[in-house]
Amino acid sequence: MMRPILYLLYRVYRLISWGTYFTKRRFTILGQGIFGAVCVAMVTAMDVDGAVGYQAVIPLLAVLLIAFVFSLRFRAQFAFERKLPRVVTAGQPFPYRVVVKNLTPKTQAGLTLIEDLADPRPTFAQWREFKLDEDRHVRPFRFQRRDFRSPFKMASVKEVEVPTLRPGQSGEVTLEITPLRRGFVRFVGLTIARPDPLGIYRAVRREPLAQSLVVLPKRYPLPPIALPGGMKYQQGGVAMASNIGQSEEFVSLREYRRGDPPRHIHWRSWAKAGKPIVKEFEDEFFVRHALILDTFTPRPFSDVFEEAVSVAASFACTVLTQESLLDLLFVGPEAFCFTAGRGLAHADQMLEILASVRPCQTDSFAQLETLVVNHANSVSGCICVLIDWDEKRRKFVEKLRLLGLPLLVMVIRPAGKTTPLELGPMSDAPGNLQSLEVGRIEEQLAQLR
Amino acid sequence: MKPPPLLLGAALLFWGWQSGLFWVGTGLAIVVELAAIIRVRWDFSNEDFERIWTLCSFLLLAMVLFAFAQNDGLSTFNSLLENNLDPRRTTLTTARTASNVMRWLPMVFFPFLIAQTYSTRDTIPLATISHILQRRWKMANRLGHRLPPSRGFNVGYPYFCMVLLAASFHSSEGYSYFFGFCVLLGWALWALRSRRYSLGVWVAIIAVAGVAGFFGQRGITQVQRYIVGINAQWISRWMRRTDDPFQTRTAIGQLGVRKNSSAIAIRLKPNESGEVPPYLREATYRRYGEGQTWFAGSSRDDFSSINEVPASATNQPYWPLVDKRTWGSVQVSCYLDGSENGLPTGMLPLPSGAARLERLMAFNMKVNSAGTVLVQGPGLLVFDAHYGYGPTYDSAPGTNTRRNNRQFDTNAPPRDFAGGPERRGEGGFRGEGRGEGRGPGGGGGGGRRFGFRPVPDEDVDVPPAEEPFVQAVLEQLQLTTNTPQREVIARLKGFFDNQFSYTMWQGVKGLKLADDETPLGHFLLKNRKGHCEYFATATVLLLRQLGIPARYATGYAVHEKSGDEYLVRFSDAHAWTLVWNKNRNTWEDFDTTPASWVETERDAMGSLLWLRDAWSRFKFELAKFRYGQSNVRKYLLWIIIPGMLLLLYQIVFRRGRKLQRQKADAEFFANWPGLDSEFYRLEKQLGDRGVIRGDAEPLGDWLRRVLETPGLGELRAPLEEVLRLHYRHRFDPHGLNAAEREALRHETSRCLNTLSAAKTA
């Protein structure tokens with residue numbers, strides 16, 4: 001019974017979004033105003049005796065009709081070249097350039113360039129899943145709590161005016177893309193729009209030009225963090241330890257970190273710098289951290305999950321230096337471990353993986369446990385980014401503690417949830433359990449020590 | 001986008017001129033345009049704009065209330081309380097209120113425009129006028145989150161559109177609005193035109209649009225008036241019925257099936273005796289003419305008004321028809337499916353012998369001398385019809401016949417239902433008089449068109465064309481003018497019952513007429529099959545031939561019981577005879593149609609009748625609510641009043657109550673016994689170690705959890721002792737003595753020291 005109704009609503013949604021897309025693409029702001037005015041004037045025209053609003057209907061309609069007629073013939077030819085960066089970051093507006101070449105024998109002026117992104121409308125199954133989830137979590141008529149932004153729209157690109165182009169001339173325009181969420185933005189073409197003399201309705205000409213762009217997760221600046229755990233012997237050995245380790249070969253000096261053996265202290269440098277400095281050697285002993293991302297949420301689109309990915313990405317960027325290895329552990333369609341650092345892979349690659357992480361809606365937390373326990377022997381410490389602090393997750397953390405792993409646990413919580421967390425297994429190290437509230441994550445991460 | 005200089009001022013001047021508020025418009029225009037000279041600007045914050053928007057909203061509310069009161073809205077509201085709503089007045093009040101409010105909109109929102117014009121900002125955040133965005137901002141502020149971004153807008157162009165809209169709310173016939181609108185529109189478009197094209201192209205387009213607009217808007221007036229002018233009543237008749245108060249075209253002599261809809265037309269509920277009248281009469285006709293049509297004849301335009309008798313100590317208000325004793329009453333629910341001057345209009349179906357109508361919410365009522373009752377009122381009427389034996393509201397035989405003859409001779413225009421020819425086209429029902437009435441000059445008195453001849457008495461008139469056939473039947477039945485009326489009635493009834501049959505189908509064979517033969521003559525002498533119109537017409541003419549006054553009545557037969565009410569469908573539409581009983585001086589119903597007609601009609605209804613009935617019931621209940629015929633409005637008011645009172649209470653007292661509660665809470669906590677216990681410091685310190693006490697978690701349980709954490713083994717005994725003392729300090733009515741109080745203090749301090757030492761270590 002519900003399915004046909006939902007399907008009908010889905011078709012209505014598709015129709016309305018198409019209407020909105022068409023209106024914004026074809027009508028200028030002035031055109032949208034004129035269109036609205038025609039509708040209002042037609043309503044007042046119902047009563048020709050009480051109001052003279054009907055006298056406005058025909059002039060407005062005539063203006064619209066003439067504008068439409070002007071849009072019928074637009075056969076100009078253009079060539080485009082889009083110069084995109086390889087990756088961009090979610091939420092950060094990014095300018096890019098498009099070269100437009102006028103292939104017509106006439107000078108073209110007053111044109112607008114519109115970027116065509118892939119149709120963001122979801123399939124019925126996706127839409128249904130999203131709507132049912134939204135209805136479960138937002139009470140009816142709580143409009144201020146409802147997020148009217150579509151979770152399927154990947155990016156927005158502002159349209160720009162094209163400079164006047166003489167026949168055969170090329171011009172460069174700068175467009176600005178604002179990626180709205182991590183993932184892939186797919187470009188399908190570029191459209192040139194030409195307004196009518198009144199500036200109401202636009203004729204459009206579309207040229208296909210497919211490209212794509214990776215949108216990395218949003219990242220937060222992190223303060224210098226002393227991550228728990230010291231060096232460990234790595235079975236991979238020297239092959240993995242391309243630069244830094246503990247061989248007899250002295251490589252460089254660096255600041256003392258908790259856990260460094262005192263015999264590596266370089267006393268002369270301490271005397272000079274006024275703070276402990278240690279020597280670095282090349283060997284198969286080095287620091288290796290695990291970054292555990294909790295992906296288990298029943299919600300297909302969740303702010304908390306997105307923020308968890310962002311926090312994980314922030315750690316991946318900050319922690320990953322030449323000195324250490326970082327294992328990213330999470331469960332997607334299957335258990336997944338990706339190691340980066342020390343010449344194995346770069347932070348960019350880890351971020352690209354994080355850009356495409358999806359929530360795991362099956363309740364298979366045990367898989368993550370197994371994955372982490374298998375890696376426990378080789379890692380010096382763990383950073384857990386969790387999206388809840390329930391019994392299941394507390395037990396998981398307790399297990400890691402029993403394995404003797406030093407932990408830094410981040411629990412992402414929905415906006416407005418400020419009650420203190422039950423320390424549970426982290427009661428002896430309360431400083432290593434951090435609650436991060438959606439909306440205040442940047443501020444709370446800055447307080448990390 | 002900001003409007004070009006002087007555009008807003010010009011628009012305000014135009015609005016002032018069009019809406020009759022010229023000086024107001026001039027003042028507003030000067031204030032707006034002075035901004036170009038005065039360089040002082042105010043730095044309004046978002047909150048200031050929010051407050052100004054709220055002020056405008058309150059102004060709008062005040063304007064609505066003022067317009068409502070000014071346009072007689074309060075008295076209309078009063079009638080809602082009395083459950084006596086006049087839809088015509090309500091509609092007028094609503095229209096006038098809306099029109100006034102729309103006209104005053106530029107004044108209402110002027111403070112907002114001025115705030116922006118004289119502020120340092122070019123745009124105002126959308127959140128200042130959007131409640132949803134405001135709530136989001138407030139929520140983000142409360143949670144300490146970053147404020148969500150909000151788009152800005154310039155008030156100029158939206159205000160310009162509003163001014164043009166407001167200027168249109170007047171009913172001038174001229175074209176001043178059109179020209180003013182075009183000029184201002186062109187001005188606004190000029191500022192926003194595309195620079196790709198030359199000035200000439202732009203001017204040419206605007207000129208074409210202007211000319212097209214001028215001729216087009218004249219056309220739109222015609223079209224709109226044509227659409228409004230289509231008479232809904234005419235459509236409904238054409239769809240379903242062929243009669244009106246002035247004539248009824250019978251289906252006599254027509255081929256094919258005569259079939260009516262099985263939709264429910266009337267609902268009847270017996271009130272006291274449980275009996276219902278067998279017929280509900282809508283109209284009576286006196287002259288049978290060309291085209292097998294019955295006409296009201298001289299009763300056509302002699303409608304007279306009936307006024308409602310106001311309530312007295314003994315009676316509730318009622319509409320009087322005849323002053324006589326009644327023995328029964330029935331509740332009738334019927335639709336008025338016609339329309340005249342925008343008001344629902346129709347003929348009232350009434351039981352024979354109806355004397356007075358109670359609870360009838362009609363606006364006005366007219367009755368003609370043939371006994372047809374016309375009313376205007378809400379689309380659905382539910383009323384009690386009281387009826388009884390004795391005189392009826394029909395006129396005596398021969399009434400007005402002489403006047404009618406004179407009228408036909410002079411070709412005078414028919415009188416208007418609402419009071420005379422001088423009011424034609426302005427109000428009231430008009431005698432449409434198709435066929436009989438309208439002459440070439442739009443007048444009336446078209447009697448000559450059908451060859452009506454002056455007759456001494458319309459109620460005994462038989463058309464010459466029908467006379468031979470009627471006479472032949474009478475001879476066959478051996479009836480003469482000397483036969484007693486009672487015997488005539490009995491013989492005619494027997495004649496039709498025994499020798500005729502009912503049919504809804506007339507084939508070609510049945511209508512194969514000889515020369516000089518009329519369809520009715522063919523029915524009487526040869527075919528002897530037909531529907532009720534044949535039987536009723538034949539009976540009237542037979543009686544009249546014998547000198548007995550008779551009239552042709554149309555309406556409905558009542559026979560179908562459903563629960564505690566009777567349903568009357570359109571297929572129950574019926575025609576019968578009114579015969580004058582000279583002994584009683586009254587008209588009596590005489591139906592010669594064979595009783596089998598009911599079954600025949602019923603068979604034709606189909607199997608999904610129950611579904612149609614259910615739908616009809618739903619529509620009926622909806623119509624009852626819509627037209628104020630149910631008590632829902634009354635109950636609604638009783639629901640609304642407590643709701644409003646509750647709301648008022650919430651607004652007035654809620655803040656006070658909250659303050660009171662806070663105060664009471666503060667007092668309660670200040671006097672809390674044992675609040676000075678040192679244990680709370682201990683609780684805080686232990687909580688800092690990571691074991692947080694849950695909401696409403698007993699201290700004992702919490703302490704047990706605390707003691708499970710490593711490193712607190714040696715504190716178990718002192719902590720338990722401290723807790724015991726704390727509980728006594730809190731809850732023991734005798735409290736602690738000085739030594740015990742000191743022990744609590746001392747032990748707590750010792751535990752705290754131990755914990756601090758452990759932490760430092």
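Lettering follows sequence order; numbering is per chain, from 1.
We find that B/Glu683 and B/Arg693 are joined by a salt bridge, their nearest charged nitrogen and carboxylate oxygen being less than 4.0 Å apart. With respect to the salt-bridge test (charged N to carboxylate O, under 4.0 angstrom), the residues A/Arg401 and A/Glu398 do not qualify.
Distance check, rounded to the nearest 0.5 Å: CE of A/Met426 to CH2 of A/Trp389 gives 6.5 Å.
Residue contact with chain B, scored on non-hydrogen atoms closer than 4.5 Å, involves the side chain of A/Ile34 exclusively. With a 4.5 Å cut-off on non-hydrogen atoms, A/Leu198 touches chain B through its backbone and its side chain both. In this structure, chain A has heavy atoms under 4.5 Å from both the backbone and the side chain of B/Ile205. Of the two parts of B/Leu192, the backbone and the side chain both hold a non-hydrogen atom closer than 4.5 Å to a non-hydrogen atom of chain A. The contact between B/Phe178 and chain A is made by backbone and side chain atoms together, counting heavy-atom distances below 4.5 Å. Of the atoms belonging to B/Ile206, it is side-chain heavy atoms, and not backbone ones, that fall under 4.5 Å from chain A. Using a 4.5 Å cut-off between heavy atoms, B/Cys161 makes no contact with chain A at all. Heavy-atom distances place both the backbone and the side chain of A/Ala56 under 4.5 Å from chain B. Of the two parts of A/Asp428, neither the backbone nor the side chain holds a non-hydrogen atom closer than 4.5 Å to a non-hydrogen atom of chain B. Both the backbone and the side chain of A/Val63 come within less than 4.5 Å of a heavy atom of chain B. A/Gln108 touches chain B through backbone and side chain together, each having a heavy atom under 4.5 Å away.
A donor-acceptor contact shorter than 3.5 Å links the side chain of B/Ser19 to the backbone of B/Trp15. In this structure, A/Thr104 contributes its side chain and A/Ala76 its backbone to no donor-acceptor pair below 3.5 Å.
Ranked by heavy-atom pairs under 4.5 Å with chain B, the list A/Ile29, A/Ile200, A/Leu60, A/Thr28 is led by A/Leu60. Counting heavy-atom pairs under 4.5 Å between each of B/Tyr157, B/Phe181, B/Tyr197 and chain A puts B/Tyr197 at the top. If you tally non-hydrogen atom pairs under 4.5 Å between each of A/Gly110, A/Ala415, A/Ala67 and chain B, the highest count goes to A/Ala415. Most heavy-atom pairs under 4.5 Å with chain B: of the set A/Gly199, A/Pro420, A/Ala109, A/Ala41, this distinction falls to A/Ala109. Per-residue counts of heavy-atom pairs under 4.5 Å with chain B were compared for A/Leu61, A/Thr419, A/Val438, A/Leu65; the largest is that of A/Val438. Annotation: maximal heavy-atom pairing with chain B below 4.5 Å, among A/Gly424, A/Gly33, A/Pro430, A/Pro195, occurs at A/Pro195. When the candidates B/Ala209, B/Pro158, B/Ala167 are compared by the number of heavy-atom contacts under 4.5 Å with chain A, B/Ala209 comes out ahead.
When all heavy atoms of B/Met162 and B/Phe109 are compared, the closest pair comes out as CE-CD1, 3.5 Å. Minimum interatomic distance between A/Arg166 and A/Thr107 (heavy atoms only, all atoms of both residues): CA-OG1, 4.0 Å.
Ring geometry for B/Phe179 versus B/Phe214: interplanar angle under 30°, hence parallel rather than tilted (30 to 60°). Between A/Phe78 and A/Phe74, the ring-plane angle classifies as tilted under the 30° and 60° cut-offs.
Annotation: B/Arg705, atom CZ; neighbour count of heavy atoms from other residues, nucleotides and ligands within 6.0 Å is above 12.
Judged by the 6.0 Å and 45° rule, B/Arg193 forms a cation-pi pair with B/Trp190.
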